[in-house]
Each structure stands twice: as C-alpha cells, then as structure tokens.
There are 2 protein chains.
Amino acid sequence: MVQKRKDEPEQSAQREPGAPKRRGRPRAYEPDVALGKALDLFRRTGFAATSLDDLSAATGMNRPSLYGAFGDKRELYIKSYRRYRDEARARTAEIFRNDWPVRKQLERIYATALDIYLSGEEGPRGCFTVMTAGSEAVADPDIRAMVQDALTELDKAFAFCFRRAKEKGELPDGADPFVLAQLASATIHSIAVRARAGTPRKELEAIVKGAIDVMLGK
Amino acid sequence: MVQKRKDEPEQSAQREPGAPKRRGRPRAYEPDVALGKALDLFRRTGFAATSLDDLSAATGMNRPSLYGAFGDKRELYIKSYRRYRDEARARTAEIFRNDWPVRKQLERIYATALDIYLSGEEGPRGCFTVMTAGSEAVADPDIRAMVQDALTELDKAFAFCFRRAKEKGELPDGADPFVLAQLASATIHSIAVRARAGTPRKELEAIVKGAIDVMLGK
DNA sequence: CGAATTTGATGCGATATGGTACAAAAAAGA
DNA sequence: TCTTTTTTGTACCATATCGCATCAAATTCG
C-alpha cells in the first residue's frame, strides 16, 4: 500500500469550478491573496529576515493555518517564488508575443520590468530572482535550479526576440542574437540591482535607453 | 564636557607601526584576519542568516570580543562590506591605472571580477554589493548609501576607461563612453548574479566576451 | 612584586523563532 | 439531531538569538 506521508501537507486542493461544496469549516482566507501577501513580504525582507509571525500578520492567517496551506517556511518561499515567476512571465510573454519592431518590444519589456522592480509600499522591491540568487540559491539546490531556470528563460525570450528582428532586417548584419540577448538580460539584472539601491526611475530609464541604442546599433 | 557614549565601542585603535607596546592582555586574534573571516561568512550566508555564534565560530573570537572589537552585528557587517570594497577597489584600480588597449583592460577587469565572484569553499560567493542591494539596502539608509556609492564608483571607473579609449581612437565615433560604462557595469552585475546561481565559469567567460565585442563595436 | 589595564571566557536573561498539539468552531451529510 | 470533516485559535515546546554583566587571565608600568 502506498504510504501516506503526514509530513507533507496536502496540496489544499482548491477546486473552484462550479460549487462542489467543500466539506468542513470554510477557510477564513483566500489562498491566492494570502500567497500574494507572503510574496510581498518575502520580496521586501528576504527569506531569513522574514519570520513566520511576520508572514502570519501579513497574510492574516495564523501559523498553523499557514503551515497547513503551504507547508513550512521554505515551501512557502518556493511557492511564492513560483507565483512571482508566473506573474512576471505572463506580463512579459504578452509583450514578446506581438510582432512589433524590436525597439518597441524592448521598450515595453523594460518598462514593465521597472514597474515590477520599483513597486512596493515600503521601498522598491527589485527582482525576486536576483534577490534569491543572492541569498538562498547557493545553499539550496532546488531553489538554485529554479533561479537558473528563470535566468535561461529570460535569455531565451530575448534571443527569440532578436532572432526574429534579425530575420526582419532590423539588426546589423554582424549582430549575434544570443549575445544581444545576454546583454539585454544583463541590463535587466542591472536595473533590478540599482532599483533596490534606490536609483530613481528617471535614471534607470536613461540606462535602459542607452542599452537599447547600443544593442540595436544606434 | 563631551559625553562619552558607552554604546559605541572604541575603534580598537590598533597601532602597528614600530612596537609601541600595547598595555594590557594581548589579543588572541588578529583583527584583520578576523574581519576577513567575518566577511567570508557574510558573503556566504548574508546578514540575516548569519548569527553571532556563527561569526564567533568563524573568527575564533567569542561574542563579547567580537562586540568589543567591531561593535554589534550591523556594524560588523558594515565594516566587512567596507573591507570587501577596499579589496575589490585595490584589485581593479591596479588594472584601470594601466594604459592598455580597452579590450585588454576590460578582459582583465572581468577576469578578476570572476575570480572574486567564483571564489569560495562552499559555493560561489558572488558580488557582495549585489547581495547587499538585494537584502539590507532597502531597509537601512546607511547601507543603501554605501551600495549606491559602490555602483556609481564602478560606473565612473568604466566611464574613465572608455573616455580614454575614445580619445585614443579605439572606439567608433558615435560611441558614448558613459552609456558603454553602464553596459559594462550591467555585465558585471549580471555575471555576479549568474555566478551565485551556479553558472559555470566557461559560460560566464563567454558572456563577457560577447559583451566586450558588442561594446567595442566588434 | 603590586597596581593598572586590556582582553578572554563563562554564562545569564529576555526575547524571538520555527514548528506542533489540541480542542473549539463551522460547515456538510445522514 | 448527530456524526464527520475541515479549519481556526490558543497555547506550548525546544531551541536559537542578541546583547551584556561578571570575573578570570595576561600583560605593562611603577
């Protein structure tokens, strides 16, 4: 018989479709918004500096409920990170999907990146991937793999973008789409770091503009 | 009379020149190497995840001695960060100082950057500035100012480098030294992030090479 | 040698932390 | 109504953490 591990909390399988009537006492929270709050907090203070009490206060759930719904702190962090990536991917994929001129596409990508990095009530939140690389990625192989995945995914998206641009003749002949993609990613990483250091938006926008000019051969 | 604040531990003014004979019991540690050990640990695990016990074990000093020599945890972190910057500045300034072709100069800079970021017994240590931006910079104005200072210092060093190169005719006419400098910094930030995510050196070197090619107009 | 001075070592204490046990509460099903 | 199921809320535990107070140790100066 399959062993049922008690130490791995159930997925809290919420099935919203229809109204199949959940059986027991109803939840006093919505898992999605709670996870969003947790993500906000993790983005602000990082993994180690965020206590379960902080998370409990932010989500409105008490610790046992938190544990039951998302597992321990590490699992909650991982789920928060997944959600961050899903959101970021959704917002950028929508832009990459269009058949615009490269310049316009890059401008839009960086504009949304800045929106993501500069948002936050109490200071700019930066890029969660960059933050996680700086903190948990070294000691935790699973998290490291997720970060690596995020980095290469961005590289590939930019590479696709530049490859198409080259086919359309928007780039100089010698241009290497993948090299340009890595430069585009580097610019993303850089504005993420600078955002958290307090660099104002105007300055970041200037950096982005300069980088685009160089990448597209002015 | 000037109030003497007990809560600000003395600078532990070590005067090495000559041998002016310290008065009381001799130290069982060398402040410089202890600070180096503390820096190593902070770079590996970050501020919040590093306890005073960890620092005590790493430096060989017990907590009261740590406190007496460097102040509380935050002060120790700041002193560690200063030391990191001093070291990094020393190693890069030596390269920037030379009157080499830009390409060679950039190659050397990135090579030493990779040495710094990939070193570490237990995983690549990355760039302490980038790590600090991702963690303490948002909540702590003093630390944030130090990070900003580090970022602009690097920008300026690269800008000086490119300005000189342009004067020597090593760059295309349209090239803007400061824009190129920010791209060069961005590449630094990017390889720092990627290093901590586990990207192997070969790959990072390829990224650097591609970035240099683009910046110098191939 | 004894006084003065500086550092080291032990250990305390108040609080924070991650995680969990357990019973009450709120719903559905019989 | 009574059982079953699921979640909540309180309280708890073992440990970790930071900072410090206190005393012992080691050295120089008189």
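None of the values given here were measured: they were computed from a predicted structure. Below, chain A is the first sequence line, B the second, and so on; all start at residue 1.
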In numerical order, the residues of residues 47-56 of chain B whose heavy atoms come under 4.0 Å of DNA chain D are B/T50, B/S51, B/L52

Between OH of A/Y77 and C1' of C/dG18 the distance, given in whole Å, is 18 Å

Practice prompt. May I ask you to test the B/Y29-B/V33 pair for a side-chain heavy-atom distance under 4.5 Å?
Written response: no

Please determine if a side-chain N or O atom of B/K73 lies less than 4.0 Å away from the OP1 or OP2 oxygen of D/dC18.
-> yes

Angle separating the five-pair end axes of the helix from C/dC1-D/dG30 to C/dA30-D/dT1, nearest 10°, is 10°

Notebook entry, point to check: Relative to the ring of A/F96, is the ring of A/F158 parallel (under 30°), tilted (30 to 60°) or perpendicular (over 60°)?
Noted result: perpendicular

task: For residues A/F162 and A/F178, establish whether the separation of their ring centroids is below 6.0 Å.
output: no

Exercise: do B/Q182 and A/S190 side chains pair donor with acceptor under 3.5 Å: no

note: B/E75, atom CD; D/dC18, atom C1'; distance rounded to Å ~ 14 Å

- [ ] Please determine, by modelled atom types, if B/T129 and B/Y81 share a side-chain donor-acceptor pair under 3.5 angstrom.
- [x] yes

### Query
Taking C-beta and beyond as the side chain, do A/V214 and B/M215 meet within less than 4.5 Å on heavy atoms?
no

With distance as the sole criterion, is a donor-acceptor pair present between the side chains of A/D155 and A/T152 under 3.5 Å? no

(message) Under a 3.5 Å threshold, yes or no: a donor from one side chain and an acceptor from the other, between B/D53 and B/S56?
(response) no

Counting only side-chain nitrogens and oxygens, does A/Y67 get under 4.0 Å of the OP1 or OP2 atom of C/dG18? no

note: B/L76, atom CG; D/dT17, atom P; distance rounded to Å ~ 16 Å

Checking side-chain polar atoms at under 3.5 Å, does B/T112 have a donor or acceptor matched by the opposite partner on B/R108? no

*asked:* Do B/Q105 and B/R97 pair up side chain to side chain, a donor and an acceptor below 3.5 Å, judged on atom types alone?
replied: no

Subject >> Test of ring centre spacing under 6.0 Å for B/F128 and B/Y77 >> reply: yes

Given protein heavy atoms under 4.0 Å, the one-letter contact record of nucleotides 8-14 of chain C, with B base, S sugar-phosphate only and - none, is simply SBBBB--

